[in-house]
Amino acid sequence: MPEIAPPRGTRDILPPDSYAWRWLLDTHRSVVESYGYQPLDTPVMESTDLFARGVGADTDIVEKQMFTFSDRGGRSLTLRPEGTAGVVRAVLGKRLDQEMRPVRVHYAGPFFRAENPQRGRYRQFAQVGVECIGERSPALDAEIVEMAWRFFERLGITGLQLQLNTLGDRDDRARYREALVNYYTPLRDDLCDDCKRRLESNPLRLLDCKADARFAEKAPLIWDLLDAGSKEFFTTVAEMLEDADVVAHINHRIVRGLDYYTDTVFEIWHESLHGQQNSLGGGGRYDGLAEALGFPSTPGVGYALGVDRSLLVAEQLGVVPPPRPSCDALVVSVETPQARRAAAIARALRGAGLRVVLDVSDRRLDRKLRNADKLGAPLAVIIGEDEARDGTATIRDLSRRAQETVSEQAMVAVVTDALERLA
RNA sequence: GUGGCCAUAGCUCAGCUGGUUAGAGUGCCAGGUUGUGGCCCUGGAGGUCGUGGGUUCAAAUCCCACUGGCCACCCCA
């Protein structure tokens with residue numbers, strides 16, 4: 001019915017939902033900053049090349065999910081479908097890794113994929129994420145996973161399952177790739193069309209094809225092909241997570257959709273979400289990414305968590321805190337002649353650091369007070385003819401239905417005290 | 001991108017097999033109360049029945065297309 005609706009797969013986040021949204025973002029920031037992660041923002045559009053090289057040309061994202069367009073100079077740009085490539089470009093491009101090592105950063109923002117929308121899946125969706133760039137240590141992999149886990153804990157979301165796997169280093173992956181090709185080639189005629197192509201372009205992704213799941217069951221496991229170093233690295237990560245009381249389900253079949261992962265990969269699933277949309281987020285180590293983007297080889301590890309889906313789960317569980325009232329006091333004038341005086345009083349209260357709404361309607365006083373209830377304001381400051389004449393203000397405690405009239409000089413102190421008592 | 005279901009006031013929904021001016025609840029605004037609220041009573045505003053086409057004397061109702069939502073597949077957040 002609105003003539004101009006938001007584009008397919010996008011939506012408006014309006015109050016009061018916007019409070020839940022902010023709660024989640026604040027919680028994330030607070031958790032990761034307690035680990036010393038610093039805020040960062042990168043552009044929502046990047047050179048198409050960044051994702052083609054960074055995410056991997058054979059991934060679904062690059063093949064069919066990117067919003068790509070030309071700017072006026074004919075350059076190909078893309079709305080970012082994920083965050084890691086952009087952050088690595090920014091950090092290494094600006095040589096931030098020369099200043100400190102590792103670089104620990106976090107971000108939050110919108111991402112874009114041209115998917116068919118449904119609940120918990122949008123074309124513009126939001127993620128919070130962290131990246132830790134410049135050092136290779138199992139302690140950092142564990143730190144990342146632990147932060148993600150603590151974040152959900154702080155939100156109060158239960159029923160989560162951590163899926164943990166390792167893809168090994170480049171040599172391991174090469175060996176594994178070969179093993180998969182050897183395994184799947186004799187089956188080639190029975191594979192779906194996509195998988196026939198994957199067999200050449202990206203054999204790892206054969207594993208997460210649902211159509212050919214029966215073959216994946218008997219496929220070789222990466223774990224059996226890892227060298228001693230990779231196994232030890234993973235074992236250390238798992239042990240450190242145990243130390244942190246983070247329960248991990250080792251799952252040697254999760255591969256992740258993006259090409260750049262090495263060693264640790266993980267996903268966090270929630271039992272309540274449907275089908276394959278049960279993933280609230282995931283991440284892993286990407287020691288090969290910097291090089292793929294043309295930077296000096298630099299290790300990194302990070303995660304991205306879906307804001308929309310996490311909020312969906314939080315709402316289902318009823319753990320979203322009720323929105324805090326948006327103001328401490330509503331200032332109302334009983335009649336128009338007192339309007340300017342009321343404005344001045346509102347100004348004085350804001351000067352004392354309070355959140356004050358000025359009622360400018362020409363409604364009756366009872367309607368104005370009704371409005372105060374709706375706003376959730378604990379106090380109303382009433383300026384009528386008497387107050388204007390005497391240089392006073394009436395402070396009404398809306399929950400106790402009690403009020404007192406005080407001099408304007410005392411007003412700020414009385415309001416502040418009343419709010420403290422009520423809090 | 002493929003398939004299924006759906007679309008009526010801001011919101012939640014009625015509207016039987018097509019038949020005059022399309023309803024309810026809630027929310028909004030106002031009056032009841034010329035300076036006192038969360039309840040109550042009364043009234044009002046608000047809809048090109050998602051959009052466009054078709055069938056018919058007549059369409060919210062039947063048919064088609066488009067748009068959007070939900071669900072499944074794919075994949076992921």
Side-chain angles (χ1 to χ4, degrees), chain A residues 1-11 14 24 55 59-65 80-84 108-129 148 192-195 198 205 208-213 254-258 267-270 273-283 303-313 330 332-335 337-338 359 361-389 394-403 405:
Chain A
M1 302 164 276
E3 303 207 338
I4 301 179
R8 184 174 170 79
T10 69
R11 57 195 186 134
L14 305 174
L24 188 142
V55 176
T59 56
D60 272 24
I61 291 179
V62 172
E63 275 176 0
K64 51 187 190 187
Q65 295 178 347
R80 60 185 187 184
E82 60 89 44
T84 305
F111 297 87
F112 305 84
R113 289 182 201 173
E115 286 224 70
N116 213 341
Q118 52 184 281
R119 177 183 292 270
R121 161 193 254 152
Y122 303 96
R123 291 186 168 187
Q124 174 176 337
F125 57 100
Q127 290 185 334
V128 294
C192 70
D193 291 345
D194 282 342
C195 283
R198 287 172 182 147
R205 309 228 31 246
D208 48 31
C209 176
K210 299 298 180 293
D212 295 325
I254 70 160
V255 231
R256 305 280 300 153
L258 317 184
E267 284 187 25
I268 293 178
W269 294 351
H270 195 268
L273 295 180
H274 290 268
Q276 295 304 310
Q277 292 186 76
N278 62 353
S279 178
L280 291 185
Y303 68 62
L305 310 175
V307 173
D308 309 82
R309 270 181 210 177
S310 300
L311 236 28
L312 203 61
V313 172
L330 179 75
V332 301
S333 52
V334 177
E335 272 151 25
Q338 293 99 47
D359 185 308
S361 69
D362 55 0
R363 280 175 277 196
R364 293 202 241 119
L365 183 58
D366 62 331
R367 307 292 177 187
K368 293 185 193 219
L369 289 174
R370 204 177 281 185
N371 190 236
D373 291 326
K374 214 171 306 163
L375 289 172
L379 298 179
V381 177
I382 302 168
I383 311 301
E385 206 181 334
D386 300 345
E387 287 85 354
R389 187 191 58 227
T394 295
I395 321 268
R396 184 169 179 83
D397 178 333
L398 289 163
S399 56
R400 286 171 41 213
R401 294 173 159 274
Q403 65 186 39
T405 301

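Atom set for the values below is all heavy atoms of this structure, side chains included, hydrogens, waters and symmetry mates excluded. Naming convention: chains lettered A, B, ... in sequence-line order (proteins, then strands); numbering from 1 in each chain.
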Whole-Å distance separating the [atom1] atom of [X] from the [atom2] atom of [N]:
{"X": "Asp373(A)", "N": "G27(B)", "atom1": "CG", "atom2": "P", "value": "14 Å"}
{"X": "Arg119(A)", "N": "G4(B)", "atom1": "CZ", "atom2": "C1'", "value": "18 Å"}
{"X": "Leu365(A)", "N": "A30(B)", "atom1": "CG", "atom2": "C1'", "value": "16 Å"}
{"X": "Glu267(A)", "N": "C75(B)", "atom1": "CD", "atom2": "P", "value": "12 Å"}
{"X": "Glu115(A)", "N": "C70(B)", "atom1": "CD", "atom2": "P", "value": "14 Å"}
{"X": "Leu369(A)", "N": "U36(B)", "atom1": "CG", "atom2": "C1'", "value": "5 Å"}
{"X": "Glu82(A)", "N": "C75(B)", "atom1": "CD", "atom2": "C1'", "value": "15 Å"}
{"X": "Gln338(A)", "N": "G35(B)", "atom1": "CD", "atom2": "C1'", "value": "9 Å"}

Just checking [X]: base, sugar-phosphate only, or nothing, at a heavy-atom cut-off of under 4.0 Å?
{"X": "Gly9(A)", "result": "sugar-phosphate"}
{"X": "Asp308(A)", "result": "nothing"}
{"X": "Ile382(A)", "result": "base"}
{"X": "Gly281(A)", "result": "sugar-phosphate"}
{"X": "Phe111(A)", "result": "nothing"}
{"X": "Asp386(A)", "result": "base"}

**Message:** Determine whether a donor-acceptor pair (one donor, one acceptor, N or O, separation below 3.5 Å) exists between the side chain of Arg367(A) and the base of G31(B).
**Reply:**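 Side chain to base: pair present.
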**Asked** Does Glu387(A) make a side-chain donor-acceptor contact with the base of G35(B), cut-off 3.5 Å?
**Response** yes
Of all the nucleotides listed ([options]), which has the minimum atom distance to the side chain of [X]?
{"X": "Glu335(A)", "options": "G35(B), C75(B), C29(B)", "value": "G35(B)"}
{"X": "Arg113(A)", "options": "A77(B), G37(B), C28(B)", "value": "A77(B)"}
{"X": "Gln127(A)", "options": "C74(B), A77(B), G38(B)", "value": "A77(B)"}
{"X": "Arg8(A)", "options": "G68(B), G37(B), A77(B)", "value": "G68(B)"}
{"X": "Arg363(A)", "options": "G37(B), U36(B), C29(B)", "value": "C29(B)"}
{"X": "Gln118(A)", "options": "C29(B), G68(B), C71(B)", "value": "C71(B)"}

Can you tell me, in whole Å, how much space there is between the [atom1] of [N] and that of [M]?
{"N": "G46(B)", "M": "C39(B)", "atom1": "P", "result": "25 Å"}
{"N": "C74(B)", "M": "G4(B)", "atom1": "C1'", "result": "16 Å"}
{"N": "U33(B)", "M": "C49(B)", "atom1": "P", "result": "41 Å"}
{"N": "A59(B)", "M": "U20(B)", "atom1": "C1'", "result": "14 Å"}
{"N": "G25(B)", "M": "A72(B)", "atom1": "C1'", "result": "34 Å"}
{"N": "C13(B)", "M": "U17(B)", "atom1": "C1'", "result": "22 Å"}
{"N": "G10(B)", "M": "U42(B)", "atom1": "P", "result": "24 Å"}
{"N": "G43(B)", "M": "U51(B)", "atom1": "C1'", "result": "35 Å"}

If you round to the nearest 0.5 Å, how far is [atom2] of [Y] from [atom1] of [X]?
{"X": "Ile395(A)", "Y": "Glu387(A)", "atom1": "CD1", "atom2": "CD", "answer": "9.5 Å"}
{"X": "Lys64(A)", "Y": "Arg113(A)", "atom1": "NZ", "atom2": "CZ", "answer": "12.5 Å"}
{"X": "Tyr303(A)", "Y": "Leu280(A)", "atom1": "OH", "atom2": "CG", "answer": "12.5 Å"}

Is [X] near enough to [N] that one of its side-chain N or O atoms lies under 4.0 angstrom from OP1 or OP2?
{"X": "Lys374(A)", "N": "G37(B)", "value": "no"}
{"X": "Arg364(A)", "N": "G35(B)", "value": "no"}
{"X": "Arg121(A)", "N": "C75(B)", "value": "no"}
{"X": "Arg396(A)", "N": "G37(B)", "value": "no"}

Applying the Watson-Crick and G-U wobble criteria at under 3.5 Å, what pairs with [N]? Answer none if nothing qualifies.
{"N": "C74(B)", "result": "none"}
{"N": "C62(B)", "result": "G54(B)"}
{"N": "A7(B)", "result": "U67(B)"}
{"N": "G23(B)", "result": "C13(B)"}
{"N": "U42(B)", "result": "A30(B)"}

**Message:** Strictly below 4.0 Å, N to O, side chains only: are Asp373(A) and Arg370(A) in salt-bridge contact?
**Reply:**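 Here Asp373(A) does not pair with Arg370(A) in a salt bridge, since their nearest N and O are not under 4.0 Å apart.
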**Prompt:** Are any non-hydrogen side-chain atoms of Arg396(A) and Arg401(A) less than 4.5 angstrom apart?
**Reply:**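 When only atoms from C-beta onward are counted, Arg401(A) and Arg396(A) do touch, with a gap below 4.5 Å.
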**Asked** Between Gln65(A) and Ala114(A), which is nearer to the 5' end of RNA chain B once each is assigned its nearest nucleotide?
**Response**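 Closer to the 5' end of RNA chain B: Ala114(A).
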**Request:** Applying side chain to side chain contact (heavy atoms under 4.5 Å, CB included), run through Arg367(A) and Asp362(A) and close with a yes or a no.
**Result:** CA-CA 10 Å; Arg367(A) 307 292 177 187; Asp362(A) 55 0; over 6 Å; no
**Message:** Checking Thr405(A) now: which residues fulfil side chain to side chain donor-acceptor pair (under 3.5 Å) with it, not counting sequence neighbours?
**Reply:**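 With sequence neighbours excluded, Thr405(A) shows a side chain to side chain donor-acceptor pair (under 3.5 Å) to Thr394(A), given in chain and number order.
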**Fill in**
Asp308(A) meets the side chain to side chain donor-acceptor pair (under 3.5 Å) criterion, sequence neighbours left out, with Arg11(A)
